[in-house]
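Read through the structure below, which is laid out as C-alpha cells, and then see the notes.
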Amino acid sequence: MTTKLDWLKQEIDGLKEQGLYNRIRTIGSAQGARIKVDGKDVLNFCSNNYLGLANHPKLIEAAKEATKKYGVGPAAVRSIAGTTDLHVQLEQRLAKFKGAEDVITFQSGFTANLGAISALVGKEDVIFSDKLNHASIIDGSRLSGAKIIPYEHNDPKSLEEAIKTNLSNFRRGLIITDGVFSMDGDIAPLPGLYEVAKKYDILFMVDDAHGEGVLGKGGRGIVDHFNMHGQVDIEVGTMSKAFGVVGGIVAGDKVIIEWLRQRGRPFLFSSAVTAPDAAACLAAVDLLEESTELVDKLWDNAKYFKAEMKKLGFDTGVSETPITPIMLGEAQLAQQFSRELFEEGVFGMAISFPTVAKGKARIRVMISASHDRDDLGQGLEAFAKVGKKLGVIK
Ligand SMILES: *Cc1c(COP(=O)(O)O)cnc(C)c1O
C-alpha cells in the first residue's frame, strides 16, 4: 500500500545512493583543537571556532556571572522586554570595535540576513546577488519579494552589466555579496564592487560571517581589511564563528540601524539571545581589543597548513583565508575520505551538493588558533596517508 509519506523515503534513499546523505555526528565535549565525536577523541578540523573562544575561560566566566545576575532565558523579544543593558553595551562596543556608526544584533547571522534584507527592499525592488552567496542571503532575498538577479562570482563587470540592464525597471537596488565565501575561502573584491555601487548609487551590503574576528586589524572584519569605513552601507557579521558564542551583527549607518530596530522582523518576533550569550560576546570583544595574538596565530596556522598541504600535492582551491578546502570532486570520494580521516583520528567533514556544486565535493578544513603545530602535524600525516590510499595524491 502506498502512503502520503512514501516520497520522503524515496528521496532519502536517493540521497544515500548518491553519497549525499548527511550522517550527523554527535559532539560530547567542549569545542577545541580536540573534541569527542560519537564517543571518540579526535583532532577537530571542522569548527568555525577560529580563535578558540568557544571554550575560553574569560567567556565562560562572563556567561556565568551574567547567568547569576540575569538568569538563563530572555523571556521576551528584543522590542518588548528582551533588551538588557548587556545587549545595549554589546551593540555599542561592537560599533566602536568595527568603526561603524551603529550596530544592531540579532539571534544569529542567518536571522540578521533575513531581517536586514527584507526590511530594506520589497517587491518593487531588485537585488544583485553574487552567484555563490550564502543560503541565508538567498532566503532573506526571497523573503523580501524583490527580484533577484545573480551576477558572476566576484565579478564587478558582471555586476555592472546586470545593473545597466535591469535597474531602471525597479524602485531601488541592493547589491549583496558574501565577504569571505564559506566553502572556498576566497574574499569578495569589495573595492571593485563598491565602485559600481557608487556609480549607480545603490545600497551595498556585505555578509562578513567568516571575516568577523578573522579579517582586518585584530579581527575587525572585511570593511576594516579593505579600509572602506563608511563605504559599505550594511555589514552583516556573526558572533557564532570567530567570536565563539552566538548572534548576528548588522553594522552600518545610524539611520539603517534605527530602521532595523523598527522593522527587522526576527528582532521583533523572535526572542532575544540570552544575557549570558551577550556577556560572553562582550568578553570576546574585550579579548580582541586587548591583543591581536589570537588572530595572528590563526593566520600563522592557516598559512603553514595550506603550504604543507600544497607540498603534499593536494588542491586547496582558491582560498585566501583560514578556510581550507581540499578539492576532491565526487561526493562519494569526499565521504570516503572523511570516513578514513576519522579512522585516523581526524574530524574533517565532507561537503558536497547542495552546499557546493555537483562534482566539486571536498573536505573543508577549518584552521583555528586553538591548534598547535603538533595538531597540524597530525592532521597533515593523516591527510597524506588517506590521500595516498585513495589515489588523490602520489
Ligand atoms: C555561517 C554564515 C551565516 C550564518 O551565521 P549564523 O550566526 O551561524 O546563523 C550567514 N552568512 C554566512 C556567509 C555564513 O557563512
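Here, residue 1 is the first one in the sequence, and each next residue gets the next number. Just so you know, these numbers use all the heavy atoms, side chains as well, and skip hydrogens, waters and symmetry mates. All values reported here derive from a predicted model rather than from experimental measurement. Whatever order the structure lists them in is the order used to number ligands and atoms, beginning at 1.
For the pair Ser338 (side chain) and Ala334 (backbone), a donor-acceptor distance under 3.5 Å is absent. In this structure, Thr274 contributes its side chain and Asp277 its backbone to a donor-acceptor pair below 3.5 Å.
Closest of all the heavy-atom pairs between Thr67 and Val72 is CG2-CG1, 3.6 Å.
Inspection of the Thr3 and Asp6 side chains reveals an N or O donor paired with an N or O acceptor under 3.5 Å.
Ligand 1 lies under 4.0 Å from heavy atoms of Ser108, Gly109, Phe110, Asn113, His134, Ser136, Asp178, Ser182, Asp207, Ala209, His210, Thr238, Ser240, Lys241.
Residue pairs meeting the ring pair (Phe, Tyr, Trp, His ring centres under 6.0 Å) criterion with at least one partner in residues 203-242, sequence neighbours excluded, are Tyr50-His210.
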Begin with the C-alpha distance, continue with both residues' side-chain angles, and end with the deciding distance and a verdict on side chain to side chain contact (heavy atoms under 4.5 Å, CB included) for Ile176 and Ile127. CA-CA 7 Å; Ile176 314 181; Ile127 295 171; 3.8 Å; yes

